[in-house]
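Data first, discussion second: the structure below is written as structure tokens.
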Amino acid sequence: MSERQAQVYRLVEELVTRRTGVDIAGHLAGRVQGHVDEQVRRLGLEGPDDYLGRLESGDEGSLPLLDDLLASVLVHETFFYRFQSQLVALEASIIPELVGSGTRNVRIWSAGCSQGPEPYTLAMLAARSTAGTDIGFNVLATDMCGAFLGEAKKGIYRPDKLGELPADLRSRYLCPGGEGTFEVRGGLRERVRFKRHNLLDPPPERNMHVVSCRNVLMYLGRDGRRRAIENLVSALSDDGFLLVGHSESLRDVPDLLGVDRRFALGIYRRGGAASPPAPVGPRRAPQEPPPPVRAEPPATERPGKTGTAHAVSLIRLEGEYDADLRPEKLASLKESLGEAIDKGGDVVLEADGATLLDMSTAKLVARAARLVESEGRRLTVRTGKESVLRWAARHGLQVESGPSTKEVRQA
Ligand SMILES: C[S@@+](CC[C@H](N)C(=O)[O-])C[C@H]1O[C@@H](n2cnc3c(N)ncnc32)[C@H](O)[C@@H]1O
């Protein structure tokens with residue numbers, strides 16, 4: 001590789017970071033080089049310099065180029081009903097509380113929505129919790145990448161994107177989409193509006209009651225993250241809620257908004273943890289205070305030490321877990337482990353489907369195991385595969401052998 005070529009790859013990386021705030025240096029950088037080379041071949045360009053020139057030109061042809069670039073380098077892993085304990089809190093407590101305080105139309109923004117499962121999930125929960133009332137809701141869904149938005153608007157998904165979407169939501173809001181896919185029903189689709197928006201820019205709309213920006217901030221560099229958080233907060237209504245992902249605590253920006261301590265689930269509130277405002281005569285004022293948040297799983301899923309059924313979270317490992325080559329797989333595993341830790345009970349990693357498990361993955365699992373074990377629970381790796389057994393033994397992870405089960409979610 002010539003010096004100039006290396007410099008062009010770097011300039012393209014810098015352009016991505018400048019435009020999105022995403023910290024691309026390091027493990028995502030390899031993707032840039034592969035993408036640039038492929039585009040040069042596909043478009044019959046003279047070389048990387050020619051590509052960079054077109055990308056930076058700002059003319060009509062540069063937007064599709066930027067879109068293709070973002071679609072291939074940004075992590076866009078997403079699925080329905082992600083981080084379910086937070087969603088339970090949203091449906092059981094936040095939406096009733098908003099309605100109880102007089103909100104007639106619940107406004108929700110899914111920022112960094114990728115291919116759409118998140119805004120559709122939020123719409124399902126809002127639809128269910130306002131069913132039979134005259135309370136309205138709508139969901140604004142934004143992402144910086146037009147290619148992801150195009151997929152989101154289609155609303156058609158493979159079964160592996162459904163995550164742990166409960167059966168009743170699945171049958172009420174999805175229908176068969178052909179060739180084994182699922183399609184979001186028209187009625188729900190109408191409640192979700194998609195728009196291209198960069199989180200580094202001021203919000204496209206304001207006065208949002210709920211802003212969900214999950215699994216996006218973790219990819220932004222320090223400055224981008226701060227700017228994005230300021231923009232998200234400025235979109236909130238006076239007592240609006242901000243939801244972030246598992247590993248996205250806003251502890252470093254305490255001046256911007258208060259944590260709602262009732263939840264401890266990555267839920268923040270513009271007005272801080274104040275008690276809910278008094279109801280102002282909604283047409284359907286709840287007779288009782290809003291139900292308590294079920295931050296913990298329902299009784300049937302609680303860990304054995306509560307005396308009820310013993311919950312086991314099953315996480316299936318499939319494919320390559322390599323921090324350098326497949327950072328999104330580790331991010332997804334981290335999230336699944338976080339959800340399992342929140343949920344209570346034992347955790348089993350079904351690992352026969354893993355074809356590569358690196359040291360970073362072992363460290364991640366070992367950290368989760370320590371957390372789980374500190375509460376008297378167990379985290380085990382279930383496998384009959386020699387290579388996985390060796391990996392687990394090398395890193396001191398507990399192993400069990402046993403039949404594989406289908407009730408698992410893929411990380
Ligand atoms: C890992 S996905 C998260 C999707 C969804 N929120 C979820 O939790 O399932 C991250 C998304 O953030 C988007 N993104 C990254 N930087 C962005 C920016 N500066 N502005 C808007 N979207 C951005 C990416 O395009 C990608 O679709």
Side-chain angles (χ1 to χ4, degrees), residues 13 15-24 27-28 31 35 66-87 90 108-125 139-153 157 160-165 192 194-205 210-232 235 242-248 265-266 326-336 338-339 409-411:
E13 280 165 38
L15 182 142
V16 173
T17 301
R18 223 175 25 252
R19 299 273 180 99
T20 64
V22 173
D23 197 355
I24 201 96
H27 51 259
L28 293 176
R31 294 187 184 187
H35 181 78
L66 176 66
D67 235 21
D68 284 346
L69 173 63
L70 297 183
S72 80
V73 304
L74 294 185
V75 176
H76 57 277
E77 163 74 1
T78 185
F79 48 89
F80 281 80
Y81 214 64
R82 188 174 194 178
F83 195 173
Q84 61 171 288
S85 36
Q86 196 180 62
L87 298 175
L90 177 74
I108 301 174
W109 176 21
S110 163
C113 68
S114 188
Q115 291 151 330
E118 178 180 276
Y120 288 128
T121 300
L122 297 172
M124 287 176 187
L125 299 176
V139 179
L140 171 68
T142 63
D143 199 283
M144 205 196 153
C145 176
F148 300 155
L149 290 173
E151 287 302 310
K153 283 183 199 160
Y157 298 97
D160 62 305
K161 288 281 168 197
L162 300 192
E164 293 182 353
L165 187 66
V192 184
F194 291 96
K195 248 187 206 172
R196 187 198 291 268
H197 172 257
N198 184 347
L199 282 166
L200 303 185
D201 294 334
E205 293 178 20
V210 177
V211 173
S212 170
C213 184
R214 307 185 310 162
N215 311 300
V216 181
L217 299 171
M218 66 200 272
Y219 299 110
L220 304 188
R222 207 168 50 117
D223 293 346
R225 188 165 173 279
R226 173 91 198 184
R227 223 163 110 188
I229 294 170
E230 280 170 1
N231 289 326
L232 293 165
L242 173 63
L243 318 186
V244 299
H246 264 297
S247 31
E248 298 176 312
L265 286 170
R326 308 293 310 273
E328 75 283 4
K329 297 282 285 179
L330 267 84
S332 170
L333 173 59
K334 189 171 176 187
E335 183 170 345
S336 299
E339 286 179 16
R409 53 165 300 192
Q410 192 173 319

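What's counted below: heavy atoms across the whole structure, side chains too, no hydrogens, waters or symmetry copies. For ligands, and for the atoms within them, numbers begin at 1 and follow the listed sequence.
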How far apart are the C-alpha atoms of Leu232 and Leu199, what are their side-chain angles, what is the distance that settles it, and do they pass the side chain to side chain contact (heavy atoms under 4.5 Å, CB included) test? CA-CA 8 Å; Leu232 293 165; Leu199 282 166; 3.7 Å; yes
Applying side chain to side chain contact (heavy atoms under 4.5 Å, CB included) to Leu140 and His197, what does each step give before you reach the verdict? CA-CA 11 Å; Leu140 171 68; His197 172 257; over 6 Å; no
Ser212 and Glu118: CA distance, side-chain angles, deciding distance, side chain to side chain contact (heavy atoms under 4.5 Å, CB included) verdict: CA-CA 9 Å; Ser212 170; Glu118 178 180 276; 3.3 Å; yes
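The side-chain heavy atoms of Arg196 and Asp67, taken from C-beta on, include a pair separated by under 4.5 Å. Between Leu70 and Val22, every side-chain heavy-atom pair lies at or beyond the 4.5 Å cut-off.
Below 30°, between 30° and 60°, or above 60°: for Tyr120 and Phe80 the angle between ring planes is below 30°, a parallel geometry.
Protein residues with a heavy atom under 4.0 Å from ligand 1 are Thr20, Val22, Leu74, Val75, His76, Glu77, Thr78, Arg82, Gly112, Ser114, Glu118, Asp143, Met144, Phe148, His197, Asn198, Leu199, Arg214, Asn215, Val216, Tyr219.
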